[in-house]
Structure formats: structure tokens, C-alpha cells
Engineer: 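The following block contains the structure, expressed as C-alpha cells.
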Number of protein chains: 2
Amino acid sequence: MRIGDVAAQAGVSVRSLRYYEEQSLLPAQRTPSGQRRYDGSAVQRVRLIQQLYAAGLSSRVIAEVLPCFDTGTSTPELRRRLAAERDRIDRQLAELVAARGQLEAVIATAEHPPEGCTRVD
Amino acid sequence: MRIGDVAAQAGVSVRSLRYYEEQSLLPAQRTPSGQRRYDGSAVQRVRLIQQLYAAGLSSRVIAEVLPCFDTGTSTPELRRRLAAERDRIDRQLAELVAARGQLEAVIATAEHPPEGCTRVD
DNA sequence: CTTGCCTCTGACGTCGATGTGAGGTTCTAG
DNA sequence: CTAGAACCTCACATCGACGTCAGAGGCAAG
């Protein structure tokens, strides 16, 4: 596949794919003229990368853990890293839930204003 | 309280507090000489701001919804905004849970490598 | 009064993922 | 063959929440 096809199917920009290659997240074959060629797995890989970005991992960290996704091979350092990221995500989840609660409370107040509050329509 | 006290108690930098004032998130009294003075509620307010930042809201959005926290006063537009942010948080929660699942799966593989995978110790 | 710490404003630096534009090459449909 | 779409590299721009530095003023203790 060409870079534009992968971009379209994965829903990201061409620029991003080039950046992922630069960060060693997404290897690409090259035609003799220098154009990138990808196989079908690239789309899945891009989706995974996006998911990890969404989870707050940086390119650098993703580059570290991706080989583990690929080969299942792991080192103690890598396992520590994975666990650390999972724990960070757990903390982030807790924060999100708390913030969601705050918003929800304000929404409830806004919908059913008690004394001293105003609901402008 | 002086700005350094608030910063220490809320666990943020002095720079951040000045920035919050600039963004109209955290009003401050001024002494005749121009120094900022805060009352005790400032610390709570900073914690709330941090929580909303952690939830992915921008300064601009926080500035929009904070009055609602303060006075309970709401407009249709504001209620729409609040609900939109709550929904965004819900989507973000789903993404986080999914990513967590991915990581957890990889961790499981790393801890108990099946055929074809290597666990380096 | 001075020493040292805190504060002020203003402005430039940072970082990471991506946008954008220039200037040029390659591929493909007609 | 040719036009236009897609691709290439290089490199600078962006955005948001700060960090950081300079230069100057404020304030309590000795």
C-alpha cells in the first residue's frame, strides 16, 4: 500500500505516518524510487499507536514497548516499564472519574437549580 | 495568603498561579504595592482547576465553566458545554480502558510467555 | 540599614505531535 | 506523451501550559 492509502484507512494524516517512521514506530519498505510501501498490518499498527498516544504514552515510550507487542519478547526493564504505564493509566482513570463527577454535579445543579442558583433559559 | 503560600499548599508553581490569573481562572486581591493576596478558598480552587486540566479541559473551557461552579448560574450554552465535556471524558475513559487492556495483555504475555515468545531475565 | 527572601512584570524558551509550504520527483490515467 | 495527483525531503510554524531569566521593587529580622 502507498502512504496515502494507509493514512486514509487508519484515519490519520500522511504527515503523521512519516513522523511515526522517523520515531521508529512504523517501519516502511521503500520502492527503488524511494516511495514508502506498507503491508496491510500497517493500518492495525497505526491504530495501536494512536491508542497508545491516547493513553498518554509518548513516542519514545511507545517505541520501547512496541517490540513487546510484536514479538512478545520482554526484558525486566521492559516489564517494569509496561507496569509503570499501566499504573499511570490507572491514576489517570481515577482522575478522570473524579473530574467527571465534578462536572456531573455541576450539571445536576444547572438542570435543577436549588435556592440561590439561577437557570437562564 | 501570599502567592508562594498558595503555591506550596496547592502543590503547583508560582508561575502557574500567575498564569491562572491571566486566564481569568483565579482572581487575586492586590496589596497597595501590587502583590497578590489570596484567601483560603484559593487553594481549593487551584485543586479544582488542576482536576479539570487533568480531565483534558483547556484554560478557555475552564474559564467558561468555572462561573457555573461558583454561582450555580447556567445558560443553555453553558449546559451544552458541560454536557459536551462530560461526553468527551466518557470517550476518553473508554479509550483509556481499551489501552489499559492492551497493555495488560502484553504484560500477561511478558510474564507468562507462550510458544515463540522470549522472556529475558 | 542591610541582608536575604519573596514578589513583580515582561519576554523568550520548551516540548511533542502535527500543520504547512517550498521545490522537486514519480506514478497513473487518458 | 502529458497533465495532474501523489509522493519525496527539508525545514519552519503552531499551540498550550508552563519554565526560566533579567531587572527591579517589597518586606521582616537582626
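Per chain, numbering begins at 1; letters A, B, ... match sequence-line order.
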Engineer: Determine whether B:Gln92 and A:Gln92 satisfy the following criterion, side-chain contact (heavy atoms from CB on, under 4.5 Å), listing intermediate values before the conclusion.
Structural biologist: CA-CA 10 Å; B:Gln92 196 177 340; A:Gln92 196 177 340; 4.0 Å; yes
Engineer: Whole angstrom is fine here: how far is it from CD in A:Gln29 over to P in D:dC8?
Structural biologist: 14 Å
Engineer: Would you say A:Arg88 and A:Arg91 make side-chain contact, with heavy atoms under 4.5 Å?
Structural biologist: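 Yes - at least one pair of side-chain heavy atoms lies under 4.5 Å apart.
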Engineer: Is the shortest side-chain N to carboxylate O distance from B:Arg37 to B:Asp5 below 4.0 Å?
Structural biologist: no
Engineer: Salt bridge or not between A:Glu77 and A:Arg81? Use side-chain N to carboxylate O under 4.0 Å.
Structural biologist: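 A:Arg81 and A:Glu77: not salt-bridged.
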Engineer: In whole angstrom, give the distance that lies between atom CD1 of A:Ile49 and atom C1' of C:dA17.
Structural biologist: 13 Å
Engineer: Report the C-alpha separation of B:Val46 and B:Gln9 in whole Å, then their side-chain angles, then the decisive distance to 0.1 Å, and conclude whether the side-chain contact (heavy atoms from CB on, under 4.5 Å) test is met.
Structural biologist: CA-CA 10 Å; B:Val46 170; B:Gln9 290 186 33; over 6 Å; no
Engineer: Whole-Å distance between C:dC6 P and B:Arg18 CZ?
Structural biologist: 12 Å
Engineer: Tell me which residues in residues 82-100 of chain A lie within less than 4.0 Å of DNA chain C, going by non-hydrogen atoms.
Structural biologist: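 Nothing qualifies; none.
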Engineer: Please name the pair of heavy atoms, one in B:Leu103 and one in A:Leu82, separated by the smallest distance, quoted to 0.1 Å.
Structural biologist: CD2-CD2, 3.6 Å
Engineer: Taking OP1 and OP2 of D:dC7, is either one under 4.0 Å from a side-chain nitrogen or oxygen of A:Arg36?
Structural biologist: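 So the side chain of A:Arg36 is outside the cut-off, no N or O lying under 4.0 Å from OP1 or OP2 of D:dC7.
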Engineer: Closer than 4.0 Å, any side-chain N/O of A:Arg37 to the OP1 or OP2 of C:dC27?
Structural biologist: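 False: A:Arg37 side-chain N/O out of range (4.0 Å or more) of C:dC27 OP1/OP2.
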Engineer: Flag the pair A:Val43 / A:Met1 as yes when at least one side-chain heavy-atom distance between them is below 4.5 Å, and no otherwise.
Structural biologist: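 In short, these two side chains touch, coming nearer than 4.5 Å.
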Engineer: When you check every protein heavy atom under 4.0 Å of nucleotides 14-23 of chain D, what one-letter string (B, S, -) results, 5' to 3'?
Structural biologist: ---BBBB---
Engineer: State, yes or no, whether a side-chain contact exists between A:Leu66 and A:Leu48 at a heavy-atom distance under 4.5 Å.
Structural biologist: yes
Engineer: Are B:Ile49 and A:Val97 joined in one hydrophobic group, where the rule is that I, L, V, M, F, W and Y side chains link up if heavy atoms are under 4.5 Å apart?
Structural biologist: yes
Engineer: Does a salt bridge link A:Arg18 with A:Glu21, judged by any charged N lying under 4.0 Å from a carboxylate O?
Structural biologist: no
Engineer: Identify each atom pair where a protein N or O and an N or O of nucleotides 23-26 of chain C are less than 3.5 Å apart, giving names and distance.
Structural biologist:
from	atom 1	to	atom 2	distance (Å)
C:dT26	O3'	A:Ser33	OG	3.4

Engineer: Round to a whole Å and report the spacing from CG of A:Asp5 to C1' of D:dA6.
Structural biologist: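 Computing the A:Asp5:CG to D:dA6:C1' distance gives 10 Å.
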Engineer: Rounded to whole angstroms, how far apart are CD on A:Glu21 and C1' on D:dT9?
Structural biologist: 12 Å
Engineer: Using the side-chain hydrogen bond (donor to acceptor under 3.5 Å, both in side chains) rule, pick out the option among A:Thr71, A:Asp70, A:Thr75 that qualifies with A:Thr73.
Structural biologist: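 When side-chain hydrogen bond (donor to acceptor under 3.5 Å, both in side chains) is applied between A:Thr73 and each of A:Thr71, A:Asp70, A:Thr75, only A:Thr71 qualifies.
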